[in-house]
Amino acid sequence: METIPSSRIRSFAAAIPSSTSPSSSIFGLKRATRVPLTPRKFLPAKLSCHPKSRVNALMGSEDDRISSSSGPRATTISPVEEDSPLQALQYGSLSFTASKGTKDPNENDATVSIIVVGASGDLAKKKIFPALFALFYEDCLPEHFTVYGYARSKMTDAEFRNMVSETLTCRIDKRVNCVEKMDQFLTRCFYHSGQYDSMQSFVELDKKMKHHEDGRFSNRLFYLSIPPNIFIDAVRCASMSASSGNGWTRVIVEKPFGRDSESSAALTKSLKLYLEEDQIFRIDHYLGKELVENLSVLRFSNLIFEPLWSRQYIRNVQMIFSEDFGTEGHGGYFDNYGIIRDIMQNHLLQILALFAMETPVSLDAEDIRNEKVKVLRSMRPLTLDDVVIGQYKSHTKGGMSFPAYTDDKTVPKGSLTPTFAAAALFIDNSRWDGVPFLMKAGKALHNKKAEIRVQFRHVPGNLYNRNLGTDLDRATNELVIRVQPDEAIYLKINNKVPGLGMRLDRSKLNLHYAARYSKEIPDAYERLLLDAIGGERRLFIRSDELDAAWTLFTPLLKELEEKKITPECYPYGSRGPVGAHYLAARYNVRWGDLGADQ
Ligand SMILES: NC(=O)C1=CN([C@@H]2O[C@H](COP(=O)(O)OP(=O)(O)OC[C@H]3O[C@@H](n4cnc5c(N)ncnc54)[C@H](OP(=O)(O)O)[C@@H]3O)[C@@H](O)[C@H]2O)C=CC1
Ligand SMILES: O=C1O[C@H](COP(=O)(O)O)[C@@H](O)[C@H](O)[C@H]1O
């Protein structure tokens with residue numbers, strides 16, 4: 001990855017004037033507590049970045065295809081360039097294009113200010129600034145955009161630009177003019193230091209923003225990249241002292257959205273003192289991942305899947321998340337939440353809801369979220385019987401020793417917080433009655449992976465049963481959606497081994513993204529930031545979805561804590577506790593990620 005040399009940035013950044021000029025407007029508490037709601041006022045003029053174009057059907061011409069094969073047993077779909085002929089599909093209600101439809105008089109002149117609250121932190125540096133730069137590089141940000149870092153740390157604009165520049169990289173597949181683009185991006189970055197509960201400081205931020213907005217129609221997007229205990233202070237100050245006077249004001253809220261039903265409801269209630277629901281963008285970055293977004297496309301735009309998508313043909317569905325590292329010094333946050341809250345209650349449950357929902361009326365955000373809520377509300381709350389929890393222990397392998405969770409200095413001694421969990425969930429509706437949805441999530445496991453596995457039923461009266469051997473489960477079709485790494489969608493089928501005999505084999509029909517598309521897959525945060533700017537809420541969590549999600553997990557989480565249930569140990573770097581196998585076996589399921597032929 002190319003990175004801009006920091007020495008050059010330093011001198012360059014210092015040359016850019018800071019924003020300190022006064023503004024003549026009225027600030028602070030005089031403003032109405034409710035910020036104005038003017039969604040979709042800003043319409044970026046870049047069709048290529050439009051959420052609509054992201055679901056364009058890419059129909060590669062014959063010329064786009066190059067033959068490729070990843071081995072004798074893999075049928076790999078061949079590569080296609082993303083610039084191949086497009087066939088646009090109707091998508092959502094958001095009007096976002098410059099070329100069609102009625103034009104807002106302010107469209108080209110509107111400004112967007114993106115305020116990263118907690119700009120000195122880990123998430124801002126790791127994800128938010130790189131994503132904003134990637135959007136800028138791709139010409140997806142509006143003409144008049146400005147990025148403001150806000151945090152307590154003292155920094156000048158030049159120092160802030162320096163810090164941001166260290167976080168930026170150029171895409172592997174696009175290095176053209178990258179350094180110039182970084183320079184241009186950094187000129188749009190400004191910093192404001194202040195406390196998160198200081199109205200005065202947000203008033204001063206507002207002044208800076210007004211100065212740059214220069215009387216234009218202004219839209220403001222606050223990204224709360226701060227610990228949850230200061231969310232409300234920051235929202236109160238931002239909404240009362242720094243919301244837009246004539247455009248929209250939106251707030252991206254990071255998880256955790258509470259620890260249980262009560263604390264989550266309290267957070268929502270407090271947020272709604274200052275914001276309307278449609279100003280709140282609760283982010284779950286898994287919804288921004290390419291293959292999660294593709295789930296609905298796969299199902300609803302291919303005739304062959306939807307008829308099979310029910311208890312009639314599907315034996316079980318598995319949602320699997322694993323990381324090959326532990327908390328490694330960042331156990332402070334994790335220990336208070338544990339793997340069930342960190343991964344299952346949000347990321348995996350969101351995937352499950354998308355997977356299992358009925359066909360929405362349209363691709364409009366509310367239609368999709370309505371269907372997701374119905375799934376969540378049709379599910380049984382989990383009990384202790386439905387889960388297995390684990391915690392990693394130290395392990396020595398090949399002369400290397402790996403620490404236990406409780407060896408982490410930031411974790412309290414004797415902590416019972418689970419770093420692994422497996423769970424069986426059920427959706428009590430006519431489509432999914434009796435189908436186990438198994439989830440598994442863990443840290444410090446043998447690999448880093450996220451995938452969805454759909455195991456189909458046996459073929460009734462299969463003529464080839466004799467040729468399949470005794471393990472009929474192994475011979476059933478399995479659809480795997482590998483969310484990360486090395487994105488792929490593959491279907492395991494049975495076929496005849498070529499030759500005169502009748503021997504059956506198992507092969508993969510494989511849509512392997514790296515082979516099929518030359519373009520790098522954008523990071524989830526890019527998609528989500530772009531959607532928040534465009535007012536597209538489809539990939540953000542609505543408050544009733546959140547309530548329903550907590551309703552499923554809260555009784556279990558309370559019981560685990562009240563009864564001080566001891567997690568089962570598993571060695572760092574292993575495949576997790578054996579209890580997970582017993583849990584699956586109870587439902588006649590085998591985890592698909594553990595076989596030899598994954
Ligand atoms: N990091 C990650 O990968 C992920 C993070 N998140 C969520 O995103 C948010 C931000 O995460 P992250 O960047 O890791 O958080 P950090 O702990 O890095 O905090 C961000 C900034 O907030 C300020 N801050 C930290 N602690 C306090 C405190 N106790 N009181 C007041 N200010 C404080 C600091 O800035 P300063 O001192 O300069 O004011 C810090 O730089 C959190 O809600 C987190 O749960 C969600 C998913 C992944
Ligand atoms: O939300 C979280 O996600 C990360 C994993 O995200 P990924 O995009 O790298 O798969 C996880 O490490 C973290 O614990 C959790 O809070």
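Both counts, for ligands and for their atoms, begin at 1 and track the order of listing. Heads up: numbering here begins at 1 and tracks the sequence.
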Near-ring test F190/H212, centroid separation under 6.0 angstrom:
yes
Nearest-contact summary for [atom] - protein heavy atom, Å:
atom                    : result
atom 28 (C) of ligand 1 : R152 NH2, 4.1 Å
atom 10 (O) of ligand 2 : Y286 OH, 2.4 Å
atom 4 (C) of ligand 2  : E323 OE2, 3.9 Å
atom 17 (O) of ligand 1 : P227 CG, 4.5 Å
atom 23 (C) of ligand 1 : Y196 OH, 3.5 Å
atom 40 (C) of ligand 1 : S120 OG, 3.8 Å
atom 7 (C) of ligand 1  : K255 O, 3.4 Å
atom 3 (O) of ligand 2  : H285 CE1, 3.4 Å
atom 9 (C) of ligand 1  : I226 O, 3.5 Å
atom 20 (C) of ligand 1 : S225 O, 3.4 Å

Could you tell me which atoms of ligand 2, counted from 1 in the order shown, lie closer than 4.0 angstrom to a heavy atom of [X]?
X    : value
Q484 : 7 (P), 10 (O)
D342 : 13 (C), 14 (O), 15 (C), 16 (O)
H347 : 1 (O), 2 (C), 3 (O)

Quick one: do the T554 and S261 side chains pair a donor with an acceptor below 3.5 Å?
yes
Nearest heavy atoms of [X] and [Y], plus distance in Å:
X    : Y    : result
R250 : G534 : NH1-C, 3.9 Å
I226 : A234 : CD1-CB, 3.8 Å
R341 : N346 : O-ND2, 2.6 Å
I389 : T566 : CD1-C, 4.5 Å

I'd like to check whether [X] has a polar contact with ligand 1, where a contact means an N/O of the residue lying under 3.5 Å from an N/O of the ligand.
X    : value
L224 : no
N229 : no
D122 : yes
L123 : yes
A151 : no

With side chain to side chain donor-acceptor pair (under 3.5 Å) as the test, pick out the partner of [X] among [options].
X    : options          : answer
D284 : K289, H347, Q350 : H347
Y333 : D342, T410, T327 : D342
T419 : Y392, Y570, Y405 : Y570

With respect to atom 1 (O) of ligand 2, which of K289, H330, K255 exhibits the smallest heavy-atom separation?
K255
V317 side chain near L438 side chain, heavy-atom distance below 4.5 Å:
no
Can you find a heavy atom in the side chain of R538 that is under 4.5 Å from one in the side chain of R369?
no
Check each atom of ligand 1 against the heavy atoms of P256 and keep those under 4.0 Å away; list them by number with element.
45 (O)
Checking K127 against Y525: charged group under 6.0 Å from the ring centre and within 45 degrees of the axis?
no
Any protein heavy atom < 4.0 Å from atom 38 (O) of ligand 1:
yes
Heavy atom of protein closer than 4.0 angstrom to atom 3 (O) of ligand 1:
yes
Heavy atoms only, cut-off 4.0 Å: how does E254 contact ligand 1, side chain, backbone, both, or neither?
side chain
Where does K126 meet ligand 1, judged by heavy-atom distances below 4.0 Å: at the side chain, the backbone, both, or neither?
side chain
What do we get for K448 next to ligand 2 when only non-hydrogen atoms under 4.0 Å count, side chain, backbone, both or neither?
side chain
So for F334 against ligand 2, with non-hydrogen atoms under 4.0 Å, the contacting part is neither
Can D486 and H512 be said to form a side chain to side chain donor-acceptor pair (under 3.5 Å), step by step?
CA-CA 8 Å; D486 200 17; H512 180 216; 2.7 Å; yes
Mutual orientation of the aromatic rings belonging to F160 and Y191 [parallel < 30°, tilted 30-60°, perpendicular > 60°]
tilted
Where do S322 and N447 land on the side chain to side chain donor-acceptor pair (under 3.5 Å) test, with the steps shown first?
CA-CA 6 Å; S322 68; N447 64 10; 2.8 Å; yes
